[in-house]
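Right, one structure below, let's go through it.
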Amino acid sequence: MKDRIARHMIESALADGRLRPGGVVVEASSGNTAMGMAMVAVEHGLRCVMVVRRQTSREKLDCLRAMGVELVLVDGELPPEHPESYNRKARELAASIPGAFFPDQHNNRANNEAHYLTTGPEIWRQMDGRIDFFVCGIGTGGTISGVARYLKEQNPGVRVVAVDVAGSVFTDYFRTGTPGVPRRYLLEGLGDEELIACPEFERIDEMLQVTDSEAFLAARDLARSEGILAGGSSGAALWGVRQVAARLDRPARIVTLFSDSGTRYLSSIYNDDWMRKHGFLPEAEAGAPISSRP
Ligand SMILES: Cc1ncc(COP(=O)(O)O)c(C=O)c1O
């Protein structure tokens, strides 16, 4: 999904000269935008320097290395205002590397535009225009904002529900106008430690907040009940869909997006030891495989 924003931002920068042939793309990413950027960078013969949190899943880091990405690992626990933090480091690197282009996916609304031009129309066509709810995780906010704009232009009655993660500042901001106090969370791809410019909060009708545990258990349930092996943010989206469905008093069409594959989280949310270590699964009784427990 993030290849769409990577293509849109990189190719428009190449077209208007902000990025030159042989130049360098520098970005901060939870891993999936970095993967999209890597694909587009290879295609155009560009260098790709990505700032990624050290805590990012091992599978994502391995995939990025395999694609030739130069990784700059930062401590995900640093506060956003710290110069070495995830939120600051890419900007600083871009300023110091000659020929660098910083797409700035968190603040550049070309991100939203990519989804307005592609994901929104695709959903509308696939659903033959019959949509009651669009439920979507919010990370940079590009997906939900771009898709919401397109869907509401077609039918202002489509209700847009964002799924944020507990620990992110977005939900408090949406509900009260004041950003919440950030707390550590493990879900990759959703939420932020500070307010950013891409989320168009005015296009969102409601915001739900999922915990790490609810998102991870929903992702595991999705694999076992639907045969869809997807990531933690997809579990969050499914959890959001279930919240909306549970309070319906008549049938409705609810659309959601599963953003990435569970193969990127085999060592974390699909690993029982990791889940137990973080308290998301009960301790196994000696000798009893966790899968046999209720
Ligand atoms: C796995 C995953 N899901 C969801 C999102 C959120 O999408 P957006 O950034 O468009 O809000 C991201 C963003 O990086 C992601 O990596």
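Whatever order the structure lists them in is the order used to number ligands and atoms, beginning at 1.
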Item to check | Ring-ring centroid check F216 F280, cutoff 6.0 Å | outcome: yes

Checklist outcome for this item: Quick note on ligand 1: atoms under 4.0 Å from a heavy atom of S259 include exactly 2 (C), 3 (N), 4 (C)

Next on the checklist: Between the side chains of E193 and R183, is the shortest nitrogen-to-carboxylate-oxygen separation below 4.0 Å, so that they form an ion pair?
Outcome noted: no

What donor-acceptor contacts under 3.5 angstrom involve side-chain atoms of residues 34-42, with partners at least two apart or in another chain?
none

Checklist outcome for this item: atom 6 (C) of ligand 1: closest protein heavy atom, distance to 0.1 Å, is G189 O, 3.5 Å

Next on the checklist: Give the atom numbers and elements of ligand 1 that come within less than 4.0 Å of a heavy atom of N32.
Outcome noted: 1 (C), 2 (C), 15 (C), 16 (O)

Checklist entry - Where's the contact between N111 and ligand 1, heavy-atom distance under 4.0 Å: side chain, backbone, both or neither? => result neither

Item to check | Atoms of ligand 1 close to S30 [distance to a heavy atom under 4.0 angstrom, numbered from 1] | outcome: 14 (O), 16 (O)

Next on the checklist: Which of the numbered atoms in ligand 1 are under 4.0 angstrom from any heavy atom belonging to I138?
Outcome noted: 11 (O)

Checklist entry - In this structure, which one of N32, D62, I269 forms a side chain to side chain contact (heavy atoms under 4.5 Å, CB included) with R264? => result N32

Checklist entry - Going by an N to O cut-off under 4.0 Å, is there a salt bridge joining E84 and R91? => result no

Next on the checklist: Between R220 and D272, does any NZ, NE, NH1 or NH2 come within less than 4.0 Å of an OD or OE carboxylate oxygen?
Outcome noted: yes

Next on the checklist: Would R53 pass as a cation-pi partner of Y86, given that its NZ or CZ must be under 6.0 Å from the six-membered ring centre and within 45 degrees of the axis?
Outcome noted: yes

Next on the checklist: So, using side-chain contact (heavy atoms from CB on, under 4.5 Å) as the criterion, who are the partners of Y150 when residues are at least two apart?
Outcome noted: Y116, P121, W124, Q154

Checklist entry - Which bit of K2 gets closer than 4.0 Å to ligand 1, counting heavy atoms only: side chain, backbone, both or neither? => result side chain

Next on the checklist: Closer than 4.0 angstrom, basic N to acidic O: yes or no for R159 and E206?
Outcome noted: yes

Next on the checklist: Using heavy atoms and a 4.0 Å limit, tell me yes or no: is G231 in contact with ligand 1?
Outcome noted: no

Item to check | Interfacing atoms of ligand 1 (cut-off 4.0 Å, heavy-atom, G139) | outcome: 6 (C), 8 (P), 9 (O), 11 (O)

Checklist entry - Polar-atom distance check: H115 versus ligand 1, any N or O pair below 3.5 Å? => result no

Item to check | Protein contact of atom 8 (P) of ligand 1 - nearest heavy atom, named by residue and atom, plus distance | outcome: T140 OG1, 3.3 Å

Checklist entry - Between E122 and R125, is the closest basic N to carboxylate O distance under 4.0 Å? => result no

Item to check | Under 4.0 Å to a heavy atom of D260 - the qualifying atoms of ligand 1, by number | outcome: 1 (C)

Item to check | Under 4.0 Å to a heavy atom of S233 - the qualifying atoms of ligand 1, by number | outcome: 1 (C), 2 (C), 3 (N), 4 (C)

Item to check | Proximity to ligand 1 by part of T143, non-hydrogen separation under 4.0 Å | outcome: both

Checklist entry - Is there any N or O on L190 that sits under 3.5 Å from an N or O of ligand 1? => result no

Next on the checklist: Using a 4.0 Å cutoff against the non-hydrogen atoms of G142, which atoms of ligand 1 qualify?
Outcome noted: 10 (O), 11 (O)

